[in-house]
Every structure is written in structure tokens, then in C-alpha cells.
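Worth saying up front: this structure is predicted, and the values here are computed from it rather than measured.
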Amino acid sequence: MNNEKRLVPKLRFPEFTHAWEQRKLGEILKIKSGMSQKNVEDPNGIYPILATGGEIGRTNVALYDKESVLIGRKGTIDKPYYMNTPFWTVDTLFYSELKKNISGLFVYDLFQIIKWKNYDTSTGVPSLTSSTIHNIDVKIPQFQEQQKIGAFFTALDRYITIHQRKLENVKKLKAGLLQKMFPKNDQEFPEIRFPEFTYAWEQRKLGDFIQDYVEKTTVQNQYPVLTSSQKQGIILQEDYFADRQIITENNVGYFVLPRGLFTYRSRSDNGIFRFNRNDIIEKGIISYFYPVFEIINGDSNFFLYLLNSTIDRQVALEAEGTGQRVLSLKKFKSINIIVPTLQEQQKIGTFFTALDRYITIHQRKLENMQKLKKSLLQQMFV
């Protein structure tokens with residue numbers, strides 16, 4: 001009785017009451033290795049050639065034409081694929097031949113909760129063997145429950161995919177509008193603009209709109225420590241290094257970064273400079289390698305997009321150094337920019353701020369759905 005309790009998921013469809021069975025993966029499927037795509041690749045082929053990174057080509061020859069779940073043999077070993085159409089797979093990817101009364105969609109979901117890295121015995125490139133996979137212990141329900149679970153997660157995956165595409169489309173829209181709503185190549189007019197504005201944009205120096213802000217800390221940890229990152233913007237250092245150890249150091253003399261002011265890392269290892277604004281706390285502190293400045297005589301929102309979308313070429317010219325690139329605040333302020341009137345700046349800044357807010361809402365919805373799926377996988381499987 002106790003064993004039966006352990007073989008029942010926390011959450012299940014009410015019509016099913018039987019305990020799940022403990023099996024070896026080798027009892028419900030047979031793992032097979034793919035083959036080299038040499039002599040089968042055909043750009044006009046109708047069947048996909050699959051590798052651990054996804055589709056890498058097409059062929060008119062199918063290696064397997066039945067329902068199958070695939071998993072990496074070498075390289076990416078924790079990203080399963082589900083196929084229900086003919087395909088060819090290369091030798092870095094295993095595919096499975098499913099046995100009778102085993103749902104492929106259920107196995108695909110099962111593969112998502114297996115901690116594959118625990119079965120990697122290599123010392124270099126992550127690798128799995130067919131015998132290792134065959135010997136993994138799993139719990140499975142009767143075929144009808146397998147089908148219901150598989151169909152449920154397929155519908156959920158489809159819903160997640162729809163939201164992913166919506167998010168990608170809005171991001172592409174934003175990228176396109178950033179290119180068209182700011183003039184190109186020192187032109188005086190953008191391709192797209194709000195109809196009430198007709199004046200030519202004016203060439204100015206960035207320094208006309210930037211004022212240095214130099215306030216330094218006088219005591220240790222005077223305010224929360226911030227990080228200015230290329231991908232996440234301004235973020236609390238404790239969040240940025242959540243999975244890494246932060247080296248404790250004296251931060252007396254660090255720059256103070258009030259809300260609404262900008263900073264950037266003056267040294268770049270990859271030649272990319274990201275200009276971020278503190279929109280998260282009233283006051284934080286940041287290393288003295290990060291100049292702090294505020295926007296004057298201009299719209300802060302407008303400059304947030306201008307700095308990160310239109311001056312890459314000028315920044316590359318002003319940055320110094322052959323290895324690590326250094327962009328001093330003085331050099332940064334000497335960059336030529338094209339700007340419209342303050343009223344048009346405000347309209348553009350407000351527009352892109354609203355678009356970013358819309359993107360953030362969709363991003364959170366997507367993240368919540370992905371968390372929901374992860375939680376359901378944990379609760380609907382034993």
C-alpha cells in the first residue's frame with residue numbers, strides 16, 4: 001500500500017486511479033544511434049536532418065518514419081525532441097523506437113523531467129550511451145493516462161509557442177521601428193515619424209545633452225550595490241551574481257547612481273558598450289569604472305533609445321585600445337548625434353517606453369507559463 005502511494009502523482013486526471021509502474025527505459029523503448037548525413041543531404045529534400053542543435057539540412061531519404069523521441073548522444077544531452085514524421089538524424093543524436101502501448105508524447109514529457117546530466121560519465125564533451133539510457137528507472141501509468149498527459153502538455157506547449165512567437169514579433173517590430181524612426185547616415189529626416197513633426201533633425205554633440213554627475217560614497221555599503229550589464233540593464237549586484245560568489249571589496253568612493261541617471265561600463269571586452277539608466281531604486285552605488293551622467297536639455301527616454309540604437313559606429317571609432325576597449329566620458333561626449341525638437345523627442349521616447357512595457361508584459365506572461373509547465377511536470381509525474 002505504501003509503495004502504491006509512492007507510485008501515484010500529486011496531480012492527475014480524476015478518471016485515473018491505478019498506481020504507476022516502475023520500469024527501466026529499455027523496457028518501453030529502444031535507443032538507436034543516428035548516422036552521418038554524408039551522401040544524403042539534399043537542399044530540395046522533404047525530410048529534416050536533425051542534430052543536437054535542431055535541423056541542419058534536408059534529405060529525401062528517411063532514416064526513421066515512425067513516432068519517436070530523440071535525445072543528444074554527445075553535446076546537448078538535455079534537450080529532447082519529439083518527431084511524428086519521417087526524419088534523418090546524425091550520429092550525435094539518439095532516436096527511440098517506442099514499444100507497444102507507449103505514447104511518444106508522454107515519453108517526450110518524461111524525457112523533460114529526467115536529469116540527463118546526472119547520467120553523463122564523460123570528462124569532456126557531455127555524452128550519453130544507449131545502455132545508460134536503457135537502465136534509467138522511470139515510472140509510467142497505463143496507456144490511456146499516458147495519452148491524456150501527452151495531449152495535455154502538447155496543448156500547453158502549443159500555447160507557450162504562440163506566446164513566444166508573439167513576443168518575438170513585437171521585438172522584431174521594435175527593432176525595425178528603431179531603424180526607421182531615427183535618421184540613418186547623417187540624414188536629417190527619419191523614414192517614419194509622427195505626422196505633426198516636419199522640421200529637419202539637427203546635428204549636435206552628445207556633450208550638449210550630458211552633464212557629469214560625480215557623487216561618491218563616504219561609508220561602506222552606503223546604498224545597494226548595482227551592476228550595469230549588457231543584457232539585463234541596471235540590476236542589483238546580488239541578483240546579477242545570484243549563482244556566483246561576489247568578491248567582498250571596499251566600496252567607499254564608488255559612484256552614487258540616483259534613479260533616472262545613466263551609466264555605462266567604460267571598459268569593454270567585446271567592443272560593445274551599453275548605456276543603462278537606473279530605473280529600479282532611488283539610489284544605488286556602482287564602481288568608479290562606470291561614469292554617471294544625466295540628460296539635460298533633452299528627453300531622457302528618447303536618449304535611452306538613441307544611445308543604444310544609433311551610435312554604435314561612432315562609439316567604435318571613439319573607443320581606444322587594441323584588446324580591451326576603453327570609452328572615456330570625454331570621448332563619449334564628443335560623439336556627433338542627430339536630434340529632433342524636444343517635443344518630438346518626448347513623443348518618440350514615450351512611444352518606445354510604452355512598447356517596452358508591452359514587451360515586458362508578454363515576457364512575464366511567457367515566463368509564468370514556462371514556470372507553470374515546469375511545476376505541472378513535477379506534479380503530474382511520479
Peer 1: Quick one: list whatever passes salt bridge (Lys or Arg N to Asp or Glu O under 4.0 Å) with Glu202, sequence neighbours left out.
Peer 2: Arg204
Peer 1: Is Leu327 reachable from Phe289 through a run of hydrophobic residues whose side-chain heavy atoms are each under 4.5 Å from the next?
Peer 2: no
Peer 1: State plainly whether one hydrophobic cluster holds both Leu377 and Val107, where clusters connect Ile, Leu, Val, Met, Phe, Trp and Tyr through side-chain heavy atoms under 4.5 angstrom apart.
Peer 2: yes
Peer 1: Under 4.5 Å between any side-chain heavy atoms of Asn301 and Arg277, yes or no?
Peer 2: yes
Peer 1: Counting distance only, does the side-chain N/O of Ser375 pair as donor-acceptor with the main-chain N or O of Lys371 below 3.5 Å?
Peer 2: no
Peer 1: What pair of heavy atoms forms the shortest contact from Val90 to Ala51, and how long is it?
Peer 2: CG2-CB, 3.7 Å
Peer 1: Tell me whether Glu344 contacts the main-chain N or O of Phe197 through its side chain, where contact means a donor paired with an acceptor under 3.5 Å.
Peer 2: no
Peer 1: Please check if the distance between the ring centroids of Phe209 and Phe293 is under 6.0 Å.
Peer 2: no
Peer 1: Flag the pair Leu306 / Phe352 as yes when at least one side-chain heavy-atom distance between them is below 4.5 Å, and no otherwise.
Peer 2: no
Peer 1: Applying ring pair (Phe, Tyr, Trp, His ring centres under 6.0 Å), can you list everything that pairs with Tyr159, at least two apart in sequence or on another chain?
Peer 2: His163
Peer 1: Answer yes if the ring centres of Tyr254 and Tyr288 are under 6.0 angstrom apart, and no otherwise.
Peer 2: yes
Peer 1: Which residues pass the side chain to side chain donor-acceptor pair (under 3.5 Å) test with Asn278, sequence neighbours left out?
Peer 2: none
Peer 1: Can you tell if the side chain of Met83 reaches within under 4.5 Å of the side chain of Leu50, non-hydrogen atoms only?
Peer 2: yes
Peer 1: For Pro141 and Ile149, which heavy atoms make the closest approach, and how far apart are they?
Peer 2: CG-CD1, 4.5 Å
Peer 1: Okay, side chain of Tyr223, backbone of Ile286: is any donor-acceptor separation there less than 3.5 Å?
Peer 2: no
Peer 1: Are Leu11 and Phe152 linked, directly or through other ILVMFWY residues, by side chains that come within less than 4.5 angstrom of each other?
Peer 2: yes
Peer 1: According to the side-chain hydrogen bond (donor to acceptor under 3.5 Å, both in side chains) rule, which pairs have a member within residues 40-68, sequence neighbours left out?
Peer 2: Asp42-Asn60, Glu55-Arg58, Glu67-Tyr82
Peer 1: Looking at every heavy atom in both Ser33 and Asp91, which two are closest together, and how far apart are they?
Peer 2: OG-O, 4.1 Å
Peer 1: Please check: side-chain N/O of Trp20 versus main-chain N/O of Val138, any donor-acceptor pairing under 3.5 Å?
Peer 2: no
Peer 1: Quick one: does Thr154's side chain have a donor or acceptor within less than 3.5 Å of a partner on Gly150's backbone?
Peer 2: yes
Peer 1: Tell me the closest heavy-atom pair linking Phe111 and Val69, and the distance in Å.
Peer 2: CD2-CG1, 3.6 Å
Peer 1: With the 4.5 Å side-chain cut-off for hydrophobic clustering, are Leu342 and Ile337 part of the same group?
Peer 2: no
Peer 1: Is there side-chain contact between Asn84 and Leu105, with heavy atoms separated by less than 4.5 Å?
Peer 2: no
Peer 1: So, for Val382 and Pro9, which heavy atoms are closest and what is the spacing to 0.1 Å?
Peer 2: CG2-N, 3.5 Å
Peer 1: Among residues two or more places apart or on two chains, list those pairs meeting salt bridge (Lys or Arg N to Asp or Glu O under 4.0 Å) that have a residue in residues 115-124.
Peer 2: Asp78-Lys117
Peer 1: Got a salt bridge between Asp137 and Lys24, using NZ or NE/NH1/NH2 to carboxylate O under 4.0 Å?
Peer 2: yes
Peer 1: So if you build clusters from Ile, Leu, Val, Met, Phe, Trp, Tyr with side-chain heavy-atom gaps below 4.5 Å, do Leu355 and Ile361 land together?
Peer 2: no
Peer 1: I'd like to know if Asp299 pairs up with Lys347 as an ion pair, taking the criterion as any Lys NZ or Arg NE/NH1/NH2 lying under 4.0 Å from an Asp or Glu carboxylate oxygen.
Peer 2: no
Peer 1: How long is the span from the CD atom in Gln345 to the CD1 atom in Ile295, to the nearest 0.5 Å?
Peer 2: 9.0 Å
Peer 1: Look up atom CD in Glu97 and atom CD1 in Ile102, then write down how far apart they are to the nearest 0.5 Å.
Peer 2: 13.0 Å
Peer 1: Do Pro80 and Gln112 come close enough that some side-chain heavy atom pair is under 4.5 Å?
Peer 2: yes
Peer 1: Is there any side-chain hydrogen bond (donor to acceptor under 3.5 Å, both in side chains) pair reaching into residues 313-330, and which pairs are they, with sequence neighbours excluded?
Peer 2: Asp269-Gln324
Peer 1: Are Glu215 and Tyr213 close enough, and set up right, to give a side chain to side chain donor-acceptor pair (under 3.5 Å), and what steps lead you there?
Peer 2: CA-CA 6 Å; Glu215 179 187 354; Tyr213 183 88; 2.4 Å; yes
Peer 1: Measure up the Phe381 and Phe153 rings against each other and bin them: parallel (under 30°), tilted (30 to 60°), perpendicular (over 60°).
Peer 2: tilted
Peer 1: What are the two closest heavy atoms between Trp201 and Pro190, and how far apart are they?
Peer 2: NE1-CD, 3.6 Å
Peer 1: Would you say Thr132 and Thr121 make side-chain contact, with heavy atoms under 4.5 Å?
Peer 2: no
Peer 1: Quick one: do Gln232 and Asp239 satisfy side chain to side chain donor-acceptor pair (under 3.5 Å)? Show the steps, please.
Peer 2: CA-CA 11 Å; Gln232 297 172 269; Asp239 293 336; over 6 Å; no
Peer 1: Are the side chains of Leu167 and Ile359 in touch, meaning some heavy atoms are under 4.5 Å apart?
Peer 2: yes
Peer 1: Measure the NZ-CE distance between Lys365 and Met369 for me, rounded to the nearest 0.5 Å.
Peer 2: 8.0 Å
Peer 1: Salt bridge or not between Lys180 and Glu191? Use side-chain N to carboxylate O under 4.0 Å.
Peer 2: yes
Peer 1: Give me the one residue out of Phe302, Phe303, Tyr305 that meets ring pair (Phe, Tyr, Trp, His ring centres under 6.0 Å) with Phe182.
Peer 2: Phe302
Peer 1: Dump the intermediate steps for ring pair (Phe, Tyr, Trp, His ring centres under 6.0 Å) on Phe332 and Phe275, then the final yes or no.
Peer 2: CA-CA 11 Å; Phe332 175 57; Phe275 306 95; 4.7 Å; yes
Peer 1: Which of parallel (below 30°), tilted (30 to 60°) and perpendicular (above 60°) describes Phe87 and Tyr95?
Peer 2: perpendicular
Peer 1: Among Asp279, Thr263, Thr227, find the residue that satisfies the side chain to side chain contact (heavy atoms under 4.5 Å, CB included) test when tested with Ile234.
Peer 2: Thr263
Peer 1: Side-chain contact, heavy-atom cut-off 4.5 Å: Gln142 with Phe16?
Peer 2: no
